[in-house]
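Within every chain, numbering begins at 1; the chains are lettered A, B, ... in the order of the sequence lines, protein sequences first and strands thereafter. Side-chain atoms are counted along with the backbone in the values below, which use heavy atoms only and exclude waters and symmetry mates.
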Amino acid sequence: IEVFNFLNTFGFDEVAASGDYDEYAKNRDRDISHILPFNFIDDTYIFSPKEILKSDGSPYLVFTPFYNSAKNNFKALHLREYMPAKMKLFPFRSNFDFEEFPYFSKLSKEILDPKLVLDSFDLDRYQSLKEIMSIRGTSRLGAHLRFGTIGIRELLRYLAKQKKSGLLTEPFFRQLVFRDFYAYLLYHFPYLSSQNFRHPFKGIPNEFLHSIFIKAKTGVPIVDAGIKELLETGFMHNRVRMICASFYTKHLLLPWQWGASFFAKYLLDFDEASNALSWQWSAGTGVDPQPYFRIFNPYAQSAKFDKDGIYIKQFLPNLKNIEAKILHDEEALFAQNLEDYPKPIVVHKESRERALAYFKGAIRKI
DNA sequence: GGCGCGTTAAC
DNA sequence: TTAACGCGC
């Protein structure tokens, strides 16, 4: 606000800016519009929220029909390029001390030179590598899209170019449309950032369990490794996010809003829509009518996507001498007596049955 | 009104 | 297989 008051004294006519649709963003843009006329440009996501609608004019609630419609409506217009500014207000020099913040010191080079991220992104092998936690198979572009250091249209033009040279771009494009879908849903249903779409499940608040989770002391290696990655780097591999969110909402039966706030605080690529709606997806409270009884088994997940335990051991060095097989074996973990690593706080089978009972009970209460 | 189907699974 | 329901056409 101070910045815009300052600009106003220089005689600026208007602000033209791209924005997003969460409450904070809407309030921010409204406050700015009271100082200078505010011209909102749809340039944060691929589509404007009113561009993709059902034939009756209402918004889609299911991704696949949304995606099909999005592909049909995708035009050259969505690759549009704006003229770069010829003038700068004043030379910008950052005094930000990257070393003071552990994540920033690790990411600073990339943040300062986004091209490094694009260059190191193996788009062609994205589909086959993105699930392997120990491999840098995902794009890592989320933080750039958040801060605008790479724009969505710039990224789309990059994809179009790669497609021309024969690379497989569709799987990654699909994920970008997912990002759009979540922003679109938040635009049409603003309450989704804090409230369930339909289901009555509220979770059972328990600050003790929450504190164990955020301290990476659940005793479930893949969950704790994920939390460590988040705390140490400001990033968490997407599949691990799902495993942690499933564990939090199903095994611990905690309110998804608490988990979402924790992620919001630490994720450098935080996006209100993607974060809240992905947590709702995990909790089974979102727009997705998929069965709520689909509960991730964290041990089966790490056995499948971190077979040799490389990811787990990277973030839980205490476990570096433990055989990988044991890290994916609940019984074996209960049998271990480790000085600096706790036993699991829950038994998978029991938690699963408890969650199923909770959800069945909550459903009957309607 | 009917019918097919749904990002990411588990047992 | 499971068990389930509302969306989208």
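For the pair A:His237 and B:dT8, the criterion of a side-chain N or O lying under 4.0 Å from OP1 or OP2 is not met. OP1 or OP2 of C:dC7 has at least one side-chain nitrogen or oxygen of A:Arg198 nearer than 4.0 Å. The side chain of A:Gln301 places an N or O atom within less than 4.0 Å of a non-bridging phosphate oxygen (OP1 or OP2) of B:dA9.
Whole-Å rounding puts the A:Asn68 CG to C:dG8 P distance at 12 Å. Between A:Ile52 atom CD1 and C:dG8 atom P there is a gap of 13 Å when expressed in whole angstrom units. Following rounding to the nearest Å, A:Phe247 (CZ) and B:dA10 (C1') show an atom-to-atom distance of 17 Å. If you take CH2 of A:Trp279 and P of B:dT8, they are 19 Å apart, rounded to a whole angstrom. What separates NE2 of A:His199 from P of C:dG6 is a distance of 8 Å, to the nearest Å. Following rounding to the nearest Å, A:Phe359 (CZ) and C:dT2 (P) show an atom-to-atom distance of 22 Å. Put simply, OH on A:Tyr67 is 16 Å from C1' on B:dG6, counting in whole angstrom units. Separating the CZ atom of A:Phe181 from the P atom of B:dT8 is a distance of 13 Å, rounded to the nearest angstrom.
A distance of about 24 Å separates the P atoms of C:dC7 and B:dA9, rounded to the whole Å. When the P atom is used for both B:dT7 and C:dT2, the distance is 23 Å, rounded to whole Å. C:dG8 and B:dG1 have their C1' atoms separated by 13 Å, given to the nearest Å.
Here A:Asp224 does not pair with A:Lys217 in a salt bridge; the nearest charged N to carboxylate O distance is not below 4.0 Å. Electrostatic pairing of A:Arg157 and A:Glu154 does not count as a salt bridge here, judged by no charged N lying under 4.0 Å from a carboxylate O. Using a 4.0 Å cut-off between charged nitrogen and carboxylate oxygen, A:Arg241 and A:Asp269 count as a salt-bridge pair. Ionic pairing of A:Arg28 and A:Asp31 is not present here: no N-O contact between side-chain nitrogen and carboxylate oxygen is shorter than 4.0 angstrom. Under a 4.0 Å N-O distance rule, the pair A:Glu170/A:Arg174 does not qualify as a salt bridge.
As judged by a 4.0 angstrom heavy-atom cut-off over every strand, A:Arg239 is placed among the base-contacting residues. In this structure, A:Glu131 reaches the bases: a heavy-atom distance under 4.0 Å links it to at least one base atom across the strands shown. Within the 4.0 angstrom heavy-atom criterion, only backbone atoms of the sugar-phosphate kind lie near A:Tyr60; the bases stay farther away.
Side-chain atoms of A:Lys54 lie closest to C:dC9 of the nucleotides B:dT8, C:dC9, B:dA9. For A:Asn238, whose side chain is taken as the heavy atoms from C-beta onward, the closest listed nucleotide among B:dT8, B:dC11, C:dG8 is B:dT8. Which of B:dA10, B:dT8, C:dG8 sits closest to the side chain of A:Asn297 comes down to B:dA10.
With a 6.0 Å radius and a threshold of 12 heavy atoms from other residues, nucleotides or ligands, A:Lys54 has its NZ atom above the threshold.
Nucleotide C:dT2 has B:dA9 as its partner under the Watson-Crick or G-U criteria, with both atom distances under 3.5 Å. Remark: B:dG2 base-pairs with C:dC9. Criterion, Watson-Crick or G-U wobble with two distances under 3.5 Å.
Aromatic stacking is not marked for A:Phe63 over B:dT7, as the cut-offs of 5.5 Å for the centres and 30° for the planes do not both hold.
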